[in-house]
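Values below: all heavy atoms of this structure, side chains included; hydrogens, waters and symmetry mates excluded.
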Amino acid sequence: MNRAIRHTWVAGVAIFTVLLLALTYVQFFAARTLEAHPWNNRSLYDQFGADRGAILVGGDAKAVSAPSDDDFEYQRVYADPLMYGHLTGYFSLVYGATGLEAAMGEELSGASDEQFYDRVVSMFSGNQPTGASVELTIDPVLQQTAHQLLEGRQGAIVALDPETGAILAMVSSPGYDPNELASHDSASVIAAAERLNADPAEPLVNRAISGDLYAPASTFKIIDTVAALESGEYTTESSIPNPQELPLPGTDVTLPNYVNGGCTARAEADLEFALEQSCNTPFASIALDLGEDTIRRTAQNFGYGEPLSVPLKVTPSVFPGELNDAQLALSSIGQYDVRTTPLQVAMMSAAIANNGVMMKPQLVETVRSADLSVIDEFTPEQLRRSTSADVADVVTDLMVSVVDDGIARGAAVPGVEVAGKTGTAEIGSDEGLNDSWFTGFAPADDPRVAVAVVFEDVDVATGSSLTTTSAKQLFEAVLNK
């Protein structure tokens, strides 16, 4: 009898122990995994039944949770979707979250560590928890200007405050409507996603910070110029060979000079003339003289190869390795396998504008709880010193001469010194189309904005006109405030 009672008692204790361990595991170790499981409908109802915080630009909501008349209580709604869709991203029942909806998901949903007290108060008060609002650094006037300049074309525009790193505009074209992907009608969402993914123009890609990236073309000559000046082997007085064709070592191919400038006027060029007319052969000669390691190190000093979050994830720009001399010559003019984002090109100009100091780009100005108290606030952060103040001053003067006397005259703003550099990236099109660039800043003596503009698939003349005049309008939108 005693043996039977003892066996029953041991079995009871064992069962209780197993249940306690299982409960502990579920509550403390597996909770997050189970919550995120795609078959967990309760998690979906919790997420879409919550009053998610707004994403704001200039005080106006660009993403907001509106009451819905279905099982999910709230529907995410996006204003000015084609202009802001690549920033806000979408919050989708089918495809999850992208853009700031993902990057700031914890804050918008009220789940961040900083919002723990708010969650406790909501629990005891019985009130519906409300997510934090996220205010962006975007200037709505500049964003609207950039959007209009790109409308109907493929490309991207980024504008930065050189002193703080605040992102004032970021537009990728073509855009898309995140409302189509945030709908609670799963069939229509899937149909919209299939249509967008099949579009050869890739409207879902934020070209400003991701995708296949661009060849920076002659905007990379700014980095060559910095490398030349830092080496001590070149000054603004140096005379550099400027042949109309440079034989590429180890090949039977020659690198031609830029044919749409005035390069043919001189057999020897100084840095000012070479940059003004965007001559290829002097910068290729500089790179071959200084070597691959020097050019790569200078590119890295301006952010090439570095992962970055703004808080959207930025694809690192690439300067290739293990180059032979012919590849190095092509890389020095932003061709071969050099790849970059418009954000990276804007950061390069911003660093020159900011006396050689590169600030960390940031898209989020302020995060506020439901009672408008500040949870987090943007603070300018230095990423690195890209070059010395003395070199930055010289490069600024050279970039001013590109706009005043060189091939970037279209970016000139009356009464204001503008620093700039153009670029034309050959993309191997049978139609002779290119990706056309402009980057620069204004005013040159007291910079308020640095920009990068790229238009895809345009001929040389059209591209030069589009990029420089677009930059002029962006500068004027800032300076005329």
Practice task
Kindly determine whether E456 and Y214 satisfy side chain to side chain donor-acceptor pair (under 3.5 Å), including the steps that lead there.
Solution key: CA-CA 9 Å; E456 299 176 20; Y214 295 96; 2.5 Å; yes
Exercise for the section: Can you establish whether the number of heavy atoms outside D212 located under 6.0 Å from its atom CG is more than 12? Expected result: no
Practice task
Answer with yes or no after comparing the ring centroid distance for F319 and F220 against a 6.0 Å cut-off, counting only values under it.
Solution key: yes
Problem - From OG1 (T225) to CD (E272), nearest 0.5 Å - result: 11.5 Å
Completion exercise
Rounding to 0.5 Å, atoms CG (D224) and OG1 (T294) come to a distance of 11.5 Å
Problem - Side-chain donor or acceptor of S183 paired with backbone N/O of E180 under 3.5 Å - result: no
Handout entry: Minimal non-hydrogen separation, T340 against S317, with atom names
Key = OG1-OG, 3.0 Å
Problem - Check: D445 side chain, E417 main-chain N or O, donor-acceptor pair, under 3.5 Å - result: no
Fill in the blank from the handout: Closest non-hydrogen contact found for V310 with P361 is CG1-O, 3.6 Å
Exercise for the section: To the nearest 0.5 angstrom, please state how far the CG atom of D376 sits from the CD atom of E365. Expected result: 10.5 Å
Exercise for the section: Indicate yes or no for a side-chain donor-acceptor contact from Q344 to the backbone of R339 under 3.5 Å, with no hydrogens or angles considered. Expected result: no
Completion exercise
CG of D161 to CD1 of I167, rounded to nearest 0.5 Å, is 11.5 Å
Problem - Residues forming a side chain to side chain contact (heavy atoms under 4.5 Å, CB included) with V374, sequence neighbours excluded - result: T366, R368, E377
Practice task
Look at the side chain of H86 and the backbone N and O of V205, then say whether any donor-acceptor pair between them is shorter than 3.5 Å.
Solution key: yes
Problem - Residues that Q277 engages under side-chain hydrogen bond (donor to acceptor under 3.5 Å, both in side chains), provided they are two or more places apart - result: none
Problem - Polar side chain donor-acceptor pair, T439 to T219, under 3.5 angstrom - result: no
Problem - Donor-acceptor contact below 3.5 Å, side chain S109 vs main chain E106 - result: yes
Exercise for the section: Using atom types as modelled and distance alone, determine if a side-chain donor or acceptor of S401 lies under 3.5 Å from a backbone N or O of L398. Expected result: yes
Exercise for the section: Identify the residue among I333, T424, T422 that makes a side chain to side chain contact (heavy atoms under 4.5 Å, CB included) with Y258. Expected result: T424
Practice task
First locate atom CE of M170, then atom CG of L160, and finally report the distance between them rounded to the nearest 0.5 Å.
Solution key: 7.5 Å
Problem - Minimal non-hydrogen separation, L150 against S173, with atom names - result: O-OG, 3.3 Å
Exercise for the section: State, to 0.1 Å, how close R76 and S65 come at their nearest heavy-atom pair, and which atoms those are. Expected result: NH1-OG, 3.0 Å
Exercise for the section: Output the distance between atom CG (D404) and atom CG (D397), rounded to the nearest 0.5 Å. Expected result: 10.5 Å
Exercise for the section: For N197, look at atom CG and say whether over 12 heavy atoms of other residues, nucleotides or ligands are found less than 6.0 Å away. Expected result: yes
Exercise for the section: Could you note down all residue pairs passing ring-ring contact (aromatic ring centres under 6.0 Å, His included) where residues 356-412 supplies at least one of them, sequence neighbours left out? Expected result: none
Handout entry: Under 3.5 Å donor-acceptor, D459 side chain and A461 backbone
Key = yes
Fill in the blank from the handout: The side chain to side chain contact (heavy atoms under 4.5 Å, CB included) partner of M83 among Q148, E151, Q143, K62 is Q143
Handout entry: Polar side chain donor-acceptor pair, S68 to D70, under 3.5 angstrom
Key = yes
Exercise for the section: Could you tell me whether the side chains of E230 and T387 share a donor-acceptor contact shorter than 3.5 Å? Expected result: yes
Fill in the blank from the handout: Closest heavy-atom pair, F475 versus A411, reported as atoms and distance to 0.1 Å, is CD1-O, 4.1 Å
Fill in the blank from the handout: Heavy-atom nearest pair, Q154 first then A201, reads OE1-CB, 3.5 Å
Problem - E163, CD: over 12 other non-hydrogen atoms inside 6.0 angstrom - result: no
